[in-house]
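For the single chain, residues carry numbers from 1 onward in sequence order. Note that the coordinates shown come from a computational prediction; the quantities given were computed from them, not determined experimentally.
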Amino acid sequence: MFEHIELWQILLLSAYSALAIYDGNNTTIGFVKPTMAGFFAGVIMGDIQTGLIVGGTLNLLVLGVGNFGGASIPDYMTGALLGTAFAVMSGKGAEFGATIAIPIGLLMVQLDVLARFINTFIQHRAEALIENGEPDKAANMNLLGIIPMSLSRMIPVFLALSLGSVFVNDVVSYIPDAIMNGLKVAGGMLPALGIAILLRYLPVKKNMSFLIVGFFLSAYLSVPVLGVALVGLAIAIAYFNSSDDVMKTSTNLQHEAMGDE
C-alpha cells in the first residue's frame, strides 16, 4: 500500500534541497548532511525513525570524504530526502530507502557538474565587471550562482516526488523479491562499509585500545550508540587532562632546572 504525498510536503522537501546545497557550499550549519536531510524528510513524511535510519546510513558513507576545489562527490543529501520519502510512501522500510538513495546520490553528481559548468559563465561575467571597475555589480552577479546550484537539486526532487506513488509503485512492482532481498542485505552492509572507509583515515593502530573498548561495549554489553559515545567522551576528557598535567609538570621542571642554573 502506497501513501499519497501532499503538495506542501513536495514543496517543503524541494525547498530544503535548495537550502541544503547552498549551506553545503557556503556555510557550516549542517543542512547538507544526510542525517539532517533524513531527519527533516522524516518529520515532513511523518516517520522520523525511518528518516534517521536512512540519513544515518548514508552519512556513514561520507565520513572522512570531502570534495576539494571543483570536485563533485555523490549527493547523499538529496538521496536521503528522496530515499526517506520513497521508503515511507512504499512501506518497504528504511533498508529499501537507503538502498535506492545510493543511485540517486550518484546520479546527482552529473547534475552537480552541470550546475558548476553553468556557474563558470556567471563567474566570467563577474570578473569582467571587476575589470571594468564595477565591484558592486560583480558581487550581485556572484549571488546568481546560487540559482543553478539550487535548481540542480530542486527540480529533480520536485519531479521525483510529484510522480509520487505511481512512480514508486512502478519501480517496486517490477523488482523481483530476490532482488529486493538482496537490496536489503546490501543496505545492511553499508554502515560497515562507511566505518571501514573512515578507519583508513584514522590512527587506528595508535588508538587500538579505545577501538577494543568501544567494540566490547557494543557487542558484549549491548550499550547503545549514545552510551558508547559518552564513554568515549569521558575517556577523551581524562586523556586530555592527564596530558595537560604531564605538560605542566614538564614545564615546571624545566623552569626549576633553569632556575638552579
Side-chain angles (χ1 to χ4, degrees), residues 3 5-67 71-90 92-113 115-116 146-164 167-168 183 186-187 190-191 193-195 197-198 225:
E3 297 184 7
I5 186 169
E6 301 293 338
L7 178 60
W8 66 269
Q9 293 174 309
I10 297 176
L11 294 177
L12 281 178
L13 292 174
S14 300
Y16 181 92
S17 66
L19 174 64
I21 196 62
Y22 171 77
D23 169 63
N25 283 286
N26 297 276
T27 60
T28 56
I29 298 177
F31 291 136
V32 76
K33 301 299 182 183
T35 303
M36 290 291 292
F39 170 75
F40 181 83
V43 171
I44 298 302
M45 297 302 297
D47 191 342
I48 297 178
Q49 181 176 352
T50 296
L52 287 175
I53 294 175
V54 173
T57 301
L58 295 175
N59 213 105
L60 289 172
L61 293 177
V62 296
L63 289 175
V65 178
N67 55 327
S72 296
I73 61 175
D75 179 16
Y76 290 130
M77 176 275 296
T78 304
L81 284 178
L82 294 179
T84 299
F86 288 164
V88 175
M89 293 165 61
S90 66
K92 294 291 183 177
E95 294 86 357
F96 171 76
T99 304
I100 65 172
I102 295 176
I104 292 174
L106 296 174
L107 175 62
M108 294 305 298
V109 174
Q110 311 305 322
L111 295 180
D112 186 75
V113 172
R116 293 176 186 273
I146 301 173
I147 297 177
M149 294 301 298
S150 297
L151 291 179
S152 69
R153 270 61 176 185
M154 286 185 66
I155 294 177
V157 170
F158 181 84
L159 291 177
L161 294 176
S162 296
L163 295 173
F167 173 76
V168 180
L183 292 177
L190 292 180
L193 176 61
I195 292 296
I197 294 174
L198 178 62
V225 174

Engineer: side-chain contact (heavy atoms from CB on, under 4.5 Å), that's the test. Do M45 and M89 meet it? Break it down for me.
Structural biologist: CA-CA 8 Å; M45 297 302 297; M89 293 165 61; 3.8 Å; yes
Engineer: Grab the two heavy atoms, one from S150 and one from I21, that are nearest each other, plus how far apart they are.
Structural biologist: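 Closest approach of S150 to I21: CA-CG2, 4.0 Å.
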Engineer: Quick one: does L161's side chain get under 4.5 Å of Q9's, heavy atoms only?
Structural biologist: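 The answer is no; the side chains never approach within 4.5 Å.
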Engineer: Search all heavy atoms of W8 against all heavy atoms of I44 and return the closest pair with its distance.
Structural biologist: CH2-O, 4.0 Å
Engineer: Could you go step by step and tell me if I102 and Y76 meet the side-chain contact (heavy atoms from CB on, under 4.5 Å) rule?
Structural biologist: CA-CA 7 Å; I102 295 176; Y76 290 130; 4.2 Å; yes
Engineer: Can you tell me how far OG of S14 sits from CG of L151, rounded to the nearest 0.5 angstrom?
Structural biologist: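 Here the interatomic distance stands at 11.0 Å.
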Engineer: For T35, does its backbone N or O pair with a side-chain atom of N59 as donor and acceptor, under 3.5 Å?
Structural biologist: yes
Engineer: On a heavy-atom basis, which atom in A101 and which in A80 lie closest, and how many Å separate them?
Structural biologist: CB-N, 4.4 Å
Engineer: Show your working on side-chain contact (heavy atoms from CB on, under 4.5 Å) between K33 and M77 and close with a plain yes or no.
Structural biologist: CA-CA 6 Å; K33 301 299 182 183; M77 176 275 296; over 6 Å; no
Engineer: Taking only residues two or more places apart in sequence, or in another chain, which ones meet V43 in a side-chain contact (heavy atoms from CB on, under 4.5 Å)?
Structural biologist: F39, I48
Engineer: Using the test side-chain contact (heavy atoms from CB on, under 4.5 Å), find all partners of L19 that sit at least two apart in sequence or belong to another chain.
Structural biologist: F31
Engineer: Any non-hydrogen side-chain atom of T84 less than 4.5 Å from a side-chain atom of F40?
Structural biologist: no
Engineer: Give the minimum heavy-atom separation between L58 and G79, together with the two atoms involved.
Structural biologist: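 That closest heavy-atom pairing would be CD1-C, 3.9 Å.
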Engineer: State, with a plain yes or no, whether a side-chain heavy atom of I10 is found less than 4.5 Å away from one of S162.
Structural biologist: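 Yes, at least one pair of side-chain atoms sits under 4.5 Å.
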Engineer: Please give me the minimum heavy-atom distance between V157 and T78, naming the atom from each residue.
Structural biologist: CG2-CG2, 3.7 Å
Engineer: Taking all heavy atoms of T50 and all of A87, pick out the closest pair and write down the distance.
Structural biologist: CG2-CB, 3.9 Å
Engineer: Measuring from atom CD1 of I104 to atom CG of L81, what distance do you get when rounded to the nearest 0.5 angstrom?
Structural biologist: 9.5 Å
Engineer: Atom OG of S17 and atom CE of M149: how far apart are they, to the nearest 0.5 Å?
Structural biologist: 11.5 Å
Engineer: Using side-chain heavy atoms (C-beta onward) and a distance below 4.5 Å, is L11 in contact with F158?
Structural biologist: yes
